[in-house]
Structures are given as C-alpha cells and as structure tokens.
Amino acid sequence: MAVAKLVLAATSGKSSKILLGLRVLAFAATLSAAIVMGLNKETKTFVVGNVGNTPIKATFTAKFQHTPAFVYFVVANAMVSFHNLLMIALQLFGGKTELTGFRLVSVAILDMLNVTLISAAANAAAFMAEVGKNGNKHARWDKICDRFATYCDHGAGALIAAFAGVVLMIIISAVSISRLVQPNKCSISTAASPSVVP
C-alpha cells in the first residue's frame, strides 16, 4: 500500500524530490553494506591439540575475501551505490533539463539492472551466512559463527543494510517506470479530449 502511494506520488510534480530522497537512502544502505562487509575481519587463537600438558595453538582469521559470495556482495553493493551517487549528482547538478525520451528509458533500465544485481548479491551472501551460522551436516561443513561471533554479527548487519537497499531499489525502479508511463497518460488524455471550436 505504501509502495503504491509512492508510485502515485511519483506521477505528480513531486516525483523528482521523492526519487532523490529514495536514491539518497538507497545510496546510504548499499554503501554501508559494502563498507561493513568489506571491513569484516576477525582473528582468533584456538587450541588445536595437546602435546603432553602443552597446548598447541593456531591463529585463524575470518575475512570476507575467503568467500566468493561475500566478494561479489561487496562489489555489487559498491556498484549500486555508485549508480545511485551518479543519479543523485545528475539530478542535483544536471541543470533544469528534465529527463525525457531515451534518457528516461535508460535510467529505468539501469535501475532495473541494479535491482537484479543487488538482489542476487544479497541472496548469495545470505545463503553463505546461513551455512556459516548453521553449517551443513550433509556436506560436512562446520558452522563458524560459534567461533567467530563478531564476524558473523558484522555480516548480519551488512545483510540487513543490503536487503534494505534491495527494497529501496525496487521502489526506485517502480517510480522510474511510472515516470515512463506518465507522459503517455498525458498525451492520451489530451488526444482523447475533443477540442471545442466555436
């Protein structure tokens, strides 16, 4: 219901302000997801065995670079945040020219592509986070979140920010598409209304 109201408001004169606000929020969400996951690292020392009474210790580090899905997550969120930053800059500093025709279609297509990019990245990272939290007994993959709690907590925060970015990008995409339909509605209504000539 709230999304429908935003889309309806986008067809009014407030569309550029609503779109700007949504893009700022999406930029903040995706950039914070990329930064939090990109800086996610935890090092711990564990006892791996004993020789007599002497414990043998090993130091292990959990980094986002160890999992290709998390690397993709960081790159995809950085790309979507760059896209939103570019669209914000064009809207603020692009002058008074309104996006029409091919430019309007291009923005809508780029928004849809960014929705798929960030959605795929967030879902891939969520799958790996699930394996890290619960493991997989069939594949004999051990869980790591019981040992690297801070690493998993930071990853969960990045996932929350990324899924917020997914929702915002879906709304942005809907608003961009509604802006494509808006001129057609106006031209149809003016063409359909008969002109009264005295």
Side-chain angles (χ1 to χ4, degrees), residues 1-38 64 67-130 155-191:
M1 192 59 111
V3 175
K5 287 181 182 178
L6 278 173
V7 172
L8 285 174
T11 58
S12 69
K14 299 178 182 178
S15 83
S16 60
K17 290 181 182 178
I18 290 172
L19 200 55
L20 180 65
L22 289 170
R23 285 199 189 279
V24 169
L25 290 174
F27 170 74
T30 54
L31 184 65
S32 62
I35 289 172
V36 169
M37 187 64 84
F64 86 96
T67 307
F70 291 160
V71 174
Y72 173 55
F73 178 87
V74 171
V75 171
N77 275 284
M79 288 175 67
V80 173
S81 61
F82 177 73
H83 164 75
N84 281 312
L85 181 64
L86 184 62
M87 293 295 119
I88 291 166
L90 285 174
Q91 192 167 350
L92 290 178
F93 306 114
K96 296 290 182 182
T97 58
E98 186 66 29
L99 291 176
T100 56
F102 180 71
R103 285 194 246 170
L104 201 60
V105 172
S106 299
V107 170
I109 290 172
L110 286 172
D111 286 339
M112 286 187 285
L113 288 174
N114 279 288
V115 167
T116 58
L117 181 67
I118 191 173
S119 177
N123 284 305
F127 168 75
M128 291 309 297
E130 173 65 22
L159 279 172
I160 290 169
F163 278 109
V166 169
V167 170
L168 288 165
M169 284 306 298
I170 288 171
I171 296 169
I172 288 169
S173 184
V175 170
S176 294
I177 292 169
S178 71
R179 291 176 77 186
L180 284 175
V181 177
Q182 178 190 4
N184 293 340
K185 282 184 179 177
C186 295
S187 62
I188 288 170
S189 63
T190 55

Any idea which heavy atoms bring [X] and [Y] closest together, and the distance?
X: Ala76; Y: Ala121; answer: CB-CB, 3.5 Å
X: Ala125; Y: Phe73; answer: CB-CD1, 3.5 Å
X: Ala26; Y: Leu168; answer: N-CD1, 3.6 Å
X: Arg23; Y: Val107; answer: NH2-CG1, 3.6 Å
X: Arg179; Y: Leu104; answer: O-CD2, 3.5 Å
X: Phe64; Y: Phe70; answer: O-CB, 3.5 Å

Can you pull the side chain to side chain donor-acceptor pair (under 3.5 Å) pairs that have at least one residue in residues 155-164, sequence neighbours excluded?
->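 Of all non-adjacent pairs touching residues 155-164, none passes side chain to side chain donor-acceptor pair (under 3.5 Å).
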Output all residues satisfying side chain to side chain contact (heavy atoms under 4.5 Å, CB included) with Ala126, sequence neighbours left out; order by chain, then residue number.
->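 With sequence neighbours excluded, Ala126 shows a side chain to side chain contact (heavy atoms under 4.5 Å, CB included) to Leu159, Phe163, given in chain and number order.
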Ile109: what forms a side chain to side chain contact (heavy atoms under 4.5 Å, CB included) with it, not counting sequence neighbours?
-> Val105, Met112, Leu113
State whether the number of non-hydrogen atoms from other residues, nucleotides or ligands found under 6.0 Å of Phe82 atom CZ is greater than 12.
->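 Result for CZ/Phe82: open.
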Do [X] and [Y] touch side chain to side chain, with heavy atoms closer than 4.5 Å?
X: Asn84; Y: Met169; value: yes
X: Thr30; Y: His83; value: no
X: Leu117; Y: Met79; value: yes

So CD1 of Ile18 and OG of Ser178: to nearest 0.5 Å the spacing works out to 9.0 Å
Nearest-0.5 Å distance, CG of residue Asn77 to CD1 of residue Ile118 | 4.5 Å
Name all pairs fulfilling the salt bridge (charged side-chain N to carboxylate O under 4.0 Å, His left out) condition that reach into residues 68-93, sequence neighbours left out, sorted by first residue then second.
->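 Passing the test, one end in residues 68-93: no pairs.
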Name all pairs fulfilling the salt bridge (charged side-chain N to carboxylate O under 4.0 Å, His left out) condition that reach into residues 73-89, sequence neighbours left out, sorted by first residue then second.
-> none
With sequence neighbours excluded, residues passing side chain to side chain donor-acceptor pair (under 3.5 Å) with Ser176 |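 By the side chain to side chain donor-acceptor pair (under 3.5 Å) rule, Ser176 matches Asp111.
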Whether Ser32 side chain and Ala28 backbone form a donor-acceptor pair below 3.5 Å = yes
Side-chain (Ser119) to main-chain (Thr116) donor-acceptor, under 3.5 angstrom = no
